[in-house]
Q: 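One structure, as structure tokens, below. Some questions next.
Basis for what follows: all heavy atoms, side chains included, without hydrogens, waters or symmetry-related copies.
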Amino acid sequence: PDVHNGSTLIRWYPYQDSMTVSQLRDGTPFRMYHGVATLAGRLTLQPKGATGYGTVNLYEGTLKSKLFELKSLEMNAARTDFSLRSTKYDNTAFSAQNMRSHVDYEEHTGLFTSNDSLQRTLLPALGYAAWVDQYTWDWDHKTLALDNSKSMETNGTEALTLRERAKRLNKMPGARFESTDPKLKNIRFSAINSTYRYDDLELSNHNVYALPIADALIAPSGDSLHISQGGQMQLIKGGELLFPRDSAFHLFYNCDLMVANGQKYGGKGTIDYIGVDEKKQPIYMSEIGVDDQGSSVANGTIEDKDNFTLSSAFGFAGKVRVDAHHQHYFFDGGVRLIHKCAPADQLGLLAYANYLDPENIRVEVPQNPVDWKGNPISASLRLSQTGLKPISAFLTKQAAGNDLISSYGLLHYDENSQTYTITSQEKLDDNEFVDRYLKMNTETCVIEGEGPITFGNPDGPAKIYAFGNVYYDPNNEK
């Protein structure tokens with residue numbers, strides 16, 4: 001190549017047919033390749049060509065080698081230490097050692113291949129390390145492509161669900177990245193086709209199929225992940241979230257998430273409630289994150305106007321919490337019965353706060369039930385204050401009158417008989433077990449009960465107590 005220098009030390013070895021041209025101790029480096037590159041060190045000229053020893057500075061790149069092969073438009077080395085700096089932020093953006101290098105001054109590119117199978121290289125300004133074996137430098141566009149040349153195929157990973165990807169987390173294709181900054185607390189992911197805009201300190205990663213954070217697993221939208229100076233991860237919009245990773249209970253979608261470090265993230269998203277009939281109902285979770293114990297948790301609210309149903313027999317309004325350590329959702333609000341045996345405005349939202357199994361819904365009914373706002377409701381068959389007329393009050397807003405028969409315990413709906421039952425756990429599990437109960441058939445609206453029966457005004461001078469059965473058919477008012 002063309003090489004220029006003003007003052008040098010020249011040594012000629014005629015018997016070796018060789019000449020060395022060295023930079024003076026306080027002299028200027030050699031200018032090469034039309035002034036694009038400089039070499040601090042020495043040149044060796046032989047009939048077979050020119051070689052160099054020392055440090056080459058080429059735009060933002062620095063290459064160090066004991067033996068550069070210098071051709072007219074190319075520069076090669078079998079072993080090179082390579083680094084890039086950000087002129088915008090005046091710091092080291094990238095560094096790697098022990099690389100085979102090929103610099104093409106015509107194409108304005110440099111190709112670097114690791115002499116090891118996979119090498120840990122540093123991105124200091126981002127606080128990350130990358131396990132890669134190949135880099136492609138484009139100095140015109142100030143980009144560096146980082147690849148694992150032995151793992152460039154997706155192998156169908158993009159077609160897997162997030163739950164399926166969780167089972168293959170340690171076999172994700174591509175180059176492996178891992179945070180080195182202690183503040184980032186061990187963020188790890190793999191990517192195919194990563195591009196580092198080193199002057200802007202921005203790393204764009206593609207084909208990122210799984211990002212483990214805390215006990216969760218994130219799938220970025222479009223399988224792309226972007227990191228900027230200091231290791232800050234850009235907002236993940238429209239991604240998927242799965243937690244916990246081991247049991248894979250809860251899958252969220254349309255998530256907007258911010259990752260703070262390997263143990264903390266936050267955002268919002270949507271999860272489906274799936275009933276026994278396999279019907280899916282979306283629940284928007286306005287808060288998703290990690291609690292003080294390091295477990296993922298999500299919180300959302302279902303409004304009464306949403307007409308949300310737990311099943312064909314139960315509606316719900318209130319708060320919903322999804323915990324990583326529990327398979328079922330925690331519902332904290334009010335449960336409403338769904339039937340036509342009472343006006344809709346009289347159906348009370350029975351206060352409820354517990355984890356709920358969609359395939360076996362059993363709602364606790366206390367002895368003095370209230371709705372989700374603390375107002376009393378009835379779980380009984382009542383008698384009017386005048387005329388002793390029966391009044392159906394099966395979990396409705398409390399009407400005037402006195403309880404003829406009531407029940408408490410657990411509320412359950414049997415799809416086959418179309419009947420709600422309030423009774424004890426023992427009675428639900430064994431129908432032969434003797435205990436109080438109250439039933440209502442949603443087809444006929446007939447109420448049946450067994451247990452203590454109270455006649456008269458409990459505040460009056462005379463009361464009659466009995467134990468027996470009650471049958472009330474509102475169609476015949478008997």
Q: Could you tell me whether the side chain of Met285 reaches within less than 4.5 Å of the side chain of Val320, counting heavy atoms only?
A: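 In short, these two side chains touch, coming nearer than 4.5 Å.
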
Q: Would the distance check show the side chain of Arg85 and the main-chain N or O of Glu60 forming a donor-acceptor pair, the cut-off being under 3.5 Å?
A: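 Confirmed, Arg85 side chain pairs with Glu60 backbone.
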
Q: Roughly how far, to the nearest 0.5 Å, is CD1 of Ile377 from CG of Leu349?
A: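 That separation rounds to 8.0 Å.
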
Q: Between Phe331 and Phe316, is the ring pair (Phe, Tyr, Trp, His ring centres under 6.0 Å) condition met? List the steps.
A: CA-CA 8 Å; Phe331 290 87; Phe316 177 83; 4.9 Å; yes

Q: Using a 3.5 Å distance criterion without hydrogens, assess whether the side chain of His250 forms a donor-acceptor pair with backbone atoms of His326.
A: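 At least one qualifying donor-acceptor pair exists.
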
Q: Less than 4.0 angstrom from a charged side-chain N to a carboxylate O is my criterion; do Asp304 and Arg336 meet it?
A: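 A salt bridge links Asp304 with Arg336.
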
Q: How long is the gap from CG on Asp200 to OH on Tyr89, to the nearest 0.5 Å?
A: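 The distance works out to 6.5 Å.
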
Q: For the atom pair NE2 (His328) and OH (Tyr273), what is the distance rounded to the nearest 0.5 Å?
A: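 Reported to 0.5 Å precision, the distance equals 10.0 Å.
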
Q: Quick one: do the Asp215 and Ser296 side chains pair a donor with an acceptor below 3.5 Å?
A: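 Distance-only check passes for Asp215 and Ser296.
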
Q: Does any non-hydrogen side-chain atom of Leu337 lie less than 4.5 Å from one of Leu411?
A: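 Yes - at least one pair of side-chain heavy atoms lies under 4.5 Å apart.
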
Q: Would you compute the distance between atom CE of Met172 and atom OG1 of Thr157 and round it to the nearest 0.5 angstrom?
A: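 If I round to the nearest 0.5 Å, the distance is 5.0 Å.
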
Q: Go through the steps to decide whether Tyr135 and Phe82 satisfy the test ring pair (Phe, Tyr, Trp, His ring centres under 6.0 Å), and finish with yes or no.
A: CA-CA 10 Å; Tyr135 317 90; Phe82 174 56; 7.4 Å; no

Q: Any luck finding a side-chain donor-acceptor pair between His141 and Asp138 under 3.5 Å?
A: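 Looking only at side-chain atoms, Asp138 and His141 do form a donor-acceptor pair, the distance falling under 3.5 Å.
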
Q: Report yes or no: do Tyr352 and Asn354 form a side-chain donor-acceptor pair below 3.5 Å?
A: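 The criterion, which ignores hydrogens and geometry beyond distance, is not satisfied for Asn354 and Tyr352.
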
Q: Closer than 3.5 angstrom, by distance alone: can the side chain of Arg245 be matched with the main-chain N or O of Ala214 as a donor-acceptor pair?
A: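 Yes, because the side chain of Arg245 sits within donor-acceptor range (under 3.5 Å) of the backbone of Ala214.
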
Q: Backbone N or O of Asn186 within a donor-acceptor pair of the Ser179 side chain at under 3.5 Å?
A: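 Answer holds: yes.
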
Q: So, Arg197 and Ser204: side-chain donor and acceptor under 3.5 Å apart, yes or no?
A: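 A donor-acceptor contact under 3.5 Å links the two side chains.
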
Q: Please tell me if the side chains of Met32 and Val56 come closer than 4.5 Å, counting only heavy atoms from C-beta onward.
A: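 With C-beta onward as the side chain, the pair touches.
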
Q: Pairs in or reaching into residues 144-164: which pass salt bridge (charged side-chain N to carboxylate O under 4.0 Å, His left out), with residues at least two apart or in two chains?
A: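 Residue pairs passing salt bridge (charged side-chain N to carboxylate O under 4.0 Å, His left out), neighbours aside: Asp133-Lys150.
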
Q: Do Ser424 side-chain atoms and Gly409 backbone N/O form a donor-acceptor pair below 3.5 Å?
A: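 Not at all, since once roles are kept as given, no pair shorter than 3.5 Å links the two residues.
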
Q: Enumerate the residue pairs fulfilling salt bridge (charged side-chain N to carboxylate O under 4.0 Å, His left out) with a member in residues 408-421, sequence neighbours excluded, ordered by first and then second residue.
A: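 Counting only pairs at least two positions apart or across chains, no salt bridge (charged side-chain N to carboxylate O under 4.0 Å, His left out) contact touches residues 408-421.
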
Q: Between Ser312 and Tyr413, does a side chain to side chain donor-acceptor pair (under 3.5 Å) hold up when you go through it step by step?
A: CA-CA 10 Å; Ser312 61; Tyr413 181 75; 5.8 Å; no

